[in-house]
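Everything on this sheet refers to the single structure shown next.
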Amino acid sequence: MNKTRLNTIILVSLFTLSLFLISKTLFNTNIDLFSSISLSEHDESEEIILSQIIVPKEILINYSEKTHTILNIDNEYGLWNKAKDVLENTFSVQDISINLIEENEYMDANNKKSIKFEFADKIPMDVFLNSFNVDVDILTFKDINSIKEIYIGLDEENNIILSDDEIHIELKNVEYSKKVFSNALEQIKTSQTFVNYWPSDVSLGINSDIYIPYRLPTEKKDIIVENDIKVKDSTESNKNIDKIAEGFFDKDLSYLRKVVDNAGVVIYMYNQHTGLLIYPNGLVEYSNTLNKKQEKRDINESLNSLAEFIMKRDRLPQNSYISDIELIESEDNSKGYRFIINYSINGKSVYINDKNKEDSSLLNALVVEVYGDKVTSYKRFYRDIIVSENNTYGEERINPEDVIEKNIAKIKESFNDEQDTLASNMQSKFYKDIIASIKDISLGYYDKSSSYYKTPLIESWIIDIKDNRYIFDSSSGNLIDIKSLE
């Protein structure tokens, strides 16, 4: 344990010992947590928060067998809102015909005119159904426990397919107007930014649910970002940090104990159970202890508690989405959930390097642990404040297959010894092994976080191969970073 961390723990311990239980009534400041740094206002309800984060990360539009495109942001065309209306009307019908279909049938459906919405992680079925304004019997969907993808057919026959990546159920006898989507799809196809994506069997020679752009526009956005929380040695900065603390505790500053350690970490304590640390890099870490053991998990209760916490104490970056939901247990065997939330800028997910750690990890924007209706841990690090953005033209991007071929030796080094041995005398075989191990390919932004103020984002190919995430500069094709997916 390094000296700085030890000093922080000692300081927190000293404050814990010196604090007494405050019996005064709750003081509600009703402040706008981030008004001093001109960020968006708080949302008015938990429902709005949930509608912000339970959204697809990617939208695949299938025009025909050879024409596809992918949208990573849906603000302009409103396809997800249109789809939610269709789903709500569908779930309100009592005589839906539901059939299990095979993997090959689901894959073949992408060759027909359709839209497929894909979430970053599986959404539990009851959470998914509860997000609609209808009373849906979950037993109707007893064959599937979660939703990863939603397919809406726009060909001759109306059909909807719900998938968890392994099980696919098809809903028939459903009624919706294809015209709801047709205008938007035509606008997308005729727009100057339209990019045709090829299925992986054409581009890579493998049979998987991966689509790769044939050619990308030469127009790019050069974006510079900085932290939304600035910890500086100034009166104005101190006032902003104090307001953030008041918002998290819902208490006036006079009720809190505050200290700044030698490393610049600002520590706030309310009682022996609740603390807040604000680090010089802008990381905010809130913790609270459980009052009683939580014997059971309730995903809806915990998700609503998360939404309420954000609504009252913090904010979400624009274009946030749930990227992972994990089951967790505390030391006393209480059962809860860990929610991981990330965000995109300009339609591309942002991947932030954790420069404070030596291991191969990325910083998530928000990680929250919830037991029942209580948030016990809340860690957030937002770098979504855009300082500047400029369009550049004429710079070609390197296609993912060329990127992989260029970096074949470096990728091989990151594979384990067994795989190296298998392919040691067969470079072409190893290339095929890599291609067969690809799980996902997408364009994103990589944030080196080399500076907390005014750091450029690097447009990158994010390629998940086996157990690693490889990040390549989209213009040069050079390998920037490798992160573990385990």
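Keep in mind that the numbers below use all heavy atoms, side chains included, and drop hydrogens, waters and symmetry copies.
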cation_pi(Lys189, Tyr63) dist<6.0 Å, angle<=45 = yes
query = Within the side chain of Lys312, is there an N or O that forms a donor-acceptor pair under 3.5 Å with the backbone of Gly247?
reply = no
query = Between the side chain of Asp373 and the main-chain N/O of Glu301, is any donor-acceptor distance below 3.5 Å?
reply = no
task = Could you tell me the separation between the CD1 atom of Ile458 and the CD1 atom of Ile480, rounded to the nearest 0.5 Å?
result = 4.5 Å
query = Just wondering, more than 12 heavy atoms not from Lys335 lying within 6.0 Å of its NZ?
reply = yes
inquiry  = Can a donor-acceptor pair be found, under 3.5 Å and without considering hydrogens, that links the side chain of Glu369 to the backbone of Thr376?
reply    = no
query = Do you see a donor-acceptor pair shorter than 3.5 Å between the side chains of Arg383 and Ser449?
reply = no
key: Test item: Ser349 and Ile462 side chains (from C-beta on) under 4.5 Å apart, heavy atoms   = no
Inter-residue atom distance Ser344.OG - Lys57.NZ, 0.5 Å rounding = 9.5 Å
message = Is there a side-chain contact (heavy atoms from CB on, under 4.5 Å) between Ile385 and Asn227? Walk through the geometry before answering.
response = CA-CA 6 Å; Ile385 303 303; Asn227 293 5; over 6 Å; no
ask   = Judged by modelled atom types alone, do Asp384 and Tyr343 share a side-chain donor-acceptor pair under 3.5 Å?
value = no
query = Under 3.5 Å, side chain of Asn288 to main-chain N/O of Gly275, donor-acceptor pair present?
reply = no
ask   = Given Lys454 and Glu226, is the salt bridge (Lys or Arg N to Asp or Glu O under 4.0 Å) satisfied, shown in steps?
value = CA-CA 5 Å; Lys454 299 183 179 181; Glu226 66 179 8; over 6 Å; no
ask   = How many angstroms lie between atom CD1 of Ile471 and atom CG of Leu362, to the nearest 0.5 angstrom?
value = 5.0 Å
key: Set of residues satisfying ring pair (Phe, Tyr, Trp, His ring centres under 6.0 Å) with respect to Phe119, sequence neighbours excluded   = Trp80
query = Do Arg469 and Lys439 pass the side-chain contact (heavy atoms from CB on, under 4.5 Å) test, and can you show the C-alpha distance, the side-chain angles, and the key distance before you say yes or no?
reply = CA-CA 10 Å; Arg469 171 162 289 158; Lys439 297 179 180 179; over 6 Å; no
request  = Would you tell me whether Lys220 and Ser475 have side-chain atoms, one donor and one acceptor, within less than 3.5 Å of each other?
outcome  = yes
note = Tightest non-hydrogen contact, residues Ile325 and Lys122, listed as CD1-O, 4.2 Å
request  = Can you see which heavy atom on Asp481 is nearest to which on Leu479, and at what distance?
outcome  = O-CD1, 3.5 Å
query = Taking atom types as modelled, is there a side-chain donor on Ser323 or Asp121 under 3.5 Å from an acceptor on the other?
reply = no
inquiry  = Would you say the rings of Phe248 and Tyr268 are close, in the sense that their centroids are separated by under 6.0 Å?
reply    = no
ask   = Quick check: does any side chain N or O of Asp473 sit under 3.5 Å from a backbone N or O of Ser476, one acting as donor and the other as acceptor?
value = yes
task = Could you tell me the separation between the NZ atom of Lys82 and the CG atom of Asp85, rounded to the nearest 0.5 Å?
result = 9.0 Å
ask   = Could you give the distance from CD1 (Ile115) to CG (Leu154), rounded to the nearest 0.5 Å?
value = 5.0 Å
task = Identify, with sequence neighbours excluded, every residue that meets salt bridge (Lys or Arg N to Asp or Glu O under 4.0 Å) alongside Lys348.
result = Glu459
ask   = Within the distance-only criterion (no hydrogens, no angle test), does the side chain of Asn399 pair as donor or acceptor with the backbone N or O of Glu401 below 3.5 angstrom?
value = no
inquiry  = Testing Ile212, Ile59, Leu60 one by one against Ile70 for a side-chain contact (heavy atoms from CB on, under 4.5 Å), which residue passes?
reply    = Leu60
ask   = Any side-chain heavy-atom pair from Ile404 and Ile438 closer than 4.5 angstrom?
value = yes
message = Strictly distance-based, threshold 3.5 Å: is any side-chain N or O of Asn407 a donor or acceptor partner for the main-chain N or O of Ile411?
response = no
ask   = Are Asn346 and Tyr445 close enough that a side-chain donor and a side-chain acceptor fall under 3.5 Å?
value = yes
request  = Quick one: pull up CD1 in Ile267 and CD in Glu285 and give me the separation to the nearest 0.5 Å.
outcome  = 10.5 Å
message = Please enumerate all residues that pass ring pair (Phe, Tyr, Trp, His ring centres under 6.0 Å) together with Tyr214, with sequence neighbours excluded.
response = Trp198
message = Can you confirm whether or not the ring centre of Phe309 sits under 6.0 Å from the ring centre of Tyr378?
response = yes
inquiry  = Using side-chain heavy atoms (C-beta onward) and a distance below 4.5 Å, is Asn110 in contact with Tyr151?
reply    = yes
task = Report yes or no: does Asn240 contribute a side-chain atom to a donor-acceptor pair with the main-chain N or O of Lys243 at less than 3.5 Å?
result = no
message = I want to check something: taking the side chain as every heavy atom from C-beta on, are Lys410 and Ile482 in contact at a cut-off of under 4.5 Å?
response = no
ask   = Which heavy atom of Gly372 sits nearest a heavy atom of Ser305, and at what distance?
value = O-OG, 3.9 Å
task = Determine the minimum heavy-atom distance between Ser320 and Ile341, stating which atoms define it.
result = CB-CG2, 3.9 Å
Full working for side-chain contact (heavy atoms from CB on, under 4.5 Å) between Tyr211 and Ile441 = CA-CA 8 Å; Tyr211 290 80; Ile441 298 176; over 6 Å; no
task = Carefully, step by step, assess Lys221 and Asn390 under the rule side-chain hydrogen bond (donor to acceptor under 3.5 Å, both in side chains).
result = CA-CA 6 Å; Lys221 276 191 180 294; Asn390 300 297; over 6 Å; no
ask   = Side chains of Thr67 and Phe194: does their closest heavy-atom pair fall under 4.5 Å?
value = yes
query = Which heavy-atom pair separates Lys251 from Leu256 by the least distance, and what is that distance?
reply = CB-CD2, 4.1 Å
query = Between Lys466 and Asp433, does at least one N-O distance fall below 4.0 Å, as a salt bridge requires?
reply = no
ask   = Could you go step by step and tell me if Val367 and Phe381 meet the side-chain contact (heavy atoms from CB on, under 4.5 Å) rule?
value = CA-CA 9 Å; Val367 180; Phe381 185 69; over 6 Å; no
inquiry  = For the backbone of Ile310 and the side chain of Asp314, can you confirm whether one donor and one acceptor N or O come within less than 3.5 Å of each other?
reply    = no
inquiry  = Check this for me: Asn145, atom CG, are more than 12 non-hydrogen atoms of other residues, nucleotides or ligands nearer than 6.0 Å?
reply    = no
query = Using the ring of each side chain (for Trp, its six-membered ring), is Phe128 parallel, tilted or perpendicular to Phe132, with breaks at 30° and 60°?
reply = perpendicular
message = Whether Lys148 and Asp164 form a salt bridge (side-chain N of Lys/Arg under 4.0 Å from carboxylate O of Asp/Glu) is what I want to check.
response = no
ask   = So, Asn353 and Lys483: side-chain donor and acceptor under 3.5 Å apart, yes or no?
value = yes
Close side-chain approach of Leu277 and Leu283, heavy atoms under 4.5 Å = no
ask   = If you look at every heavy atom in Ser442 and Tyr351, which pair is closest and at what distance?
value = OG-OH, 4.3 Å
